[in-house]
Number of protein chains: 2
Amino acid sequence: MARIRAHDYDDRRRRILEIAAALIAEHGFDGASMSMIAARASLSKPGLYHYYDSKEALLFDILHSHLTALRATIAAVPGDLAPEARLRALIQALLAAYRDADDRHKAQINDLPRLPREQQQAIKAIERDIIAPFREVIAALNPRLEPHQLTPVTMSLFGILNWQYTWFQASGRMSLEDYGELVARLFLDGLKSLP
Amino acid sequence: MARIRAHDYDDRRRRILEIAAALIAEHGFDGASMSMIAARASLSKPGLYHYYDSKEALLFDILHSHLTALRATIAAVPGDLAPEARLRALIQALLAAYRDADDRHKAQINDLPRLPREQQQAIKAIERDIIAPFREVIAALNPRLEPHQLTPVTMSLFGILNWQYTWFQASGRMSLEDYGELVARLFLDGLKSLP
DNA sequence: CCTACCGATCGGTAGG
DNA sequence: CCTACCGATCGGTAGG
């Protein structure tokens with residue numbers, strides 16, 4: 001028989017996830033203890049374990065929910081745009097989804113290897129789903145690119161986008177949308193002149 | 001009185017540093033224990049502490065020696081080249097220095113926040129020395145760029161270069177030099193057409 | 001330079 | 001008897 005759960009169980013779980021992501025981003029997966037996470041969530045440690053069976057399950061949920069949301073955002077970008085407009089829209093969608101997700105993004109980059117192999121592969125499969133639309137529109141934008149160049153070119157764009165969290169300041173003189181437009185121009189004009 | 005040290009003290013220390021960088025890259029700073037590092041280096045734990053006074057000192061030496069070497073490589077790039085040739089040379093120099101330095105690079109990206117504030121700032125100062133020549137040549141290549149655009153454009157290039165370790169396979173069909181040339185073309189042609 | 005340890009804290013779970 | 005926790009402590013291991 002199914003357990004009865006508090007009516008706000010899902011909300012509480014989500015709140016714990018966000019608190020844990022912030023602490024893991026700050027201290028690393030091993031440095032952020034379940035005690036710290038529990039304390040920050042105003043829970044006892046057994047109370048925390050009521051929501052997540054293990055520290056590993058918590059990390060998996062952080063990464064899985066983050067990447068699932070990114071994938072949904074990318075999948076929602078209209079497919080019938082012209083290639084150039086579509087790449088702009090994909091770049092803006094990804095940057096917008098990264099907004100306020102620095103903690104999860106950092107956990108993804110730093111702590112994915114802390115998960116067991118099968119869970120890592122589940123996460124990496126979602127990463128590939130996110131990359132695929134970019135790869136396809138890049139191939140459409142420059143048909144001269146040879147297959148073995150497509151991954152390096154696509155990953156160059158992801159380098160730009162995934163590195164942004166290390167230096168971008170929302171308080172600076174450039175908005176994230178402006179940066180998306182800058183990246184789109186930089187990359188599109190460079191791409192056109194390849195190889 | 002100064003202790004007498006083994007004639008190969010510095011070599012042994014360097015070997016420990018490389019072993020430690022590999023283990024920290026694999027397991028994270030907190031996940032790589034001093035016992036693991038000692039065992040891998042065929043040392044007892046107190047033996048390891050003969051070479052490094054603390055785990056923190058070991059991490060600092062990994063990052064400091066890595067970034068000092070990068071800075072020297074960048075500083076050795078001729079200053080009298082034309083801007084376009086100079087940017088190509090800077091890109092190739094940085095990628096060449098990253099070769100076989102994935103462990104140190106990963107430690108830099110993931111574990112810098114594990115150091116105390118002052119040591120972090122010492123490392124970040126070297127990072128700025130590495131970035132500065134890129135910034136200057138980018139400004140020379142496109143004088144239309146406004147000051148507040150210079151950091152985003154420069155960091156876009158560093159995103160490309162610093163992300164490379166996550167996907168690049170030396171065994172693939174593209175060499176690191178070829179990738180450097182691809183990045184130079186992509187970035188230079190994009191840069192010219194900004195803003 | 002070793003074995004043998006320490007104070008503390010880890011992730012996880014017992015009884016109530 | 002249930003769920004939803006608590007205070008206390010488990011076996012192991014961390015850095016030193």
Side-chain angles (χ1 to χ4, degrees), chain A residues 1-17 19-63 107 110-116 119, chain B residues 1-13 15-17 19-63 107 110-111 113-116 119:
Chain A
M1 225 174 121
R3 277 189 174 187
I4 293 169
R5 286 174 167 172
H7 69 284
D8 55 355
Y9 181 88
D10 292 334
D11 288 345
R12 288 172 185 268
R13 206 164 190 269
R14 179 71 194 181
R15 185 171 156 271
I16 292 165
L17 184 144
I19 288 167
L23 287 169
I24 290 172
E26 183 178 355
H27 302 285
F29 180 68
D30 289 307
S33 71
M34 291 297 266
S35 299
M36 285 169 61
I37 295 166
R40 190 70 72 89
S42 302
L43 247 33
S44 67
K45 209 167 5 150
L48 173 56
Y49 276 89
H50 175 63
Y51 293 91
Y52 285 98
D53 287 341
S54 68
K55 200 180 182 185
E56 210 169 87
L58 188 40
L59 178 59
F60 182 75
D61 197 20
I62 291 168
L63 304 191
N110 292 351
D111 298 317
L112 177 59
R114 293 320 130 231
L115 290 177
Q119 293 192 344
Chain B
M1 226 174 117
R3 277 194 177 182
I4 292 171
R5 287 175 166 171
H7 68 282
D8 55 355
Y9 180 89
D10 291 336
D11 288 347
R12 287 171 185 270
R13 207 164 188 267
R15 184 170 157 271
I16 290 166
L17 184 146
I19 287 166
L23 287 168
I24 289 171
E26 183 178 355
H27 301 285
F29 180 68
D30 289 308
S33 71
M34 290 297 264
S35 298
M36 284 170 62
I37 295 165
R40 189 71 71 89
S42 302
L43 248 34
S44 66
K45 215 178 341 167
L48 172 56
Y49 275 89
H50 175 63
Y51 293 91
Y52 285 99
D53 287 342
S54 67
K55 199 180 181 184
E56 210 169 87
L58 188 40
L59 178 60
F60 181 75
D61 196 21
I62 291 169
L63 303 191
N110 292 351
D111 297 317
R114 290 325 129 228
L115 289 176
Q119 293 193 344

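Below, chain A is the first sequence line, B the second, and so on; all start at residue 1. Predicted model only: the values in this text are computed from it and were never measured.
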| message | Distance check needed: D:dG15 P versus B:D53 CG, whole Å only. | response | 16 Å
| query | So do B:L58 and B:I37 actually touch side chain to side chain, heavy atoms under 4.5 Å? | reply | yes
| field | Gap separating the NZ atom of B:K55 from the CE atom of B:M34, nearest 0.5 angstrom | value | 7.5 Å
| task | Please name all residues satisfying salt bridge (Lys or Arg N to Asp or Glu O under 4.0 Å) with B:R13, sequence neighbours left out, ordered by chain then number. | result | B:D61
| At what distance, to the nearest 0.5 angstrom, does CD1 of B:I62 lie from CD1 of B:I24? | 4.0 Å
| query | NE2 of B:H27 versus P of D:dT13: gap in Å, rounded? | reply | 15 Å
| task | Determine the interatomic distance between C1' on D:dG12 and the same-named atom on C:dA8; round to the nearest Å. | result | 13 Å
| message | Nearest whole Å is fine: how far is D:dC5 C1' from A:Y52 OH? | response | 18 Å
| field | A:Y51 OH - D:dA4 C1' separation (whole Å) | value | 8 Å
| message | I'd like to check the side chain to side chain contact (heavy atoms under 4.5 Å, CB included) partners of B:M36; sequence neighbours left out, ordered by chain and number. | response | B:L23, B:H27, B:S33
| Does A:K55 make a side-chain donor-acceptor contact with the base of C:dG12, cut-off 3.5 Å? | no
| task | Could you tell me the separation between the OH atom of A:Y49 and the C1' atom of C:dG12, rounded to a whole number of Å? | result | 5 Å
| Whole-Å gap separating P (D:dG15) and CG (B:L48) | 10 Å
| remark: Of the candidates D:dA4, C:dC1, D:dC5, the side chain of A:H50 sits closest to D:dA4
| A:F29 CZ - C:dC10 C1' separation (whole Å) | 12 Å
| Reading DNA chain C 5' to 3', how would its secondary structure be written in dot-bracket notation, given Watson-Crick and G-U pairs with both distances under 3.5 Å, brackets [ ] for crossing pairs and | for partners on other strands? | ....||.|.||.|.|.
| request: Using the test side chain to side chain contact (heavy atoms under 4.5 Å, CB included), find all partners of A:A41 that sit at least two apart in sequence or belong to another chain. | output: A:R15, A:I16, A:I19, A:L43
| remark: For A:R14, the side chain to side chain contact (heavy atoms under 4.5 Å, CB included) test, sequence neighbours excluded, returns A:L17, A:E18, A:S65, A:R104
| field | Pairing residues for A:D30 by the salt bridge (Lys or Arg N to Asp or Glu O under 4.0 Å) criterion, not counting sequence neighbours | value | none
| field | By ring pair (Phe, Tyr, Trp, His ring centres under 6.0 Å) - contacts of A:Y49 (at least two apart) | value | none
| field | DNA chain D contacts among residues 30-40 of chain B, heavy-atom distance under 4.0 Å | value | B:A32, B:S33, B:M34
| query | Taking the side chain of A:K45 as its heavy atoms from C-beta onward, which of C:dT3, D:dG16, C:dG12 lies nearest to it? | reply | C:dG12
| Integer-rounded Å distance: C:dG11 P and A:L59 CG | 12 Å
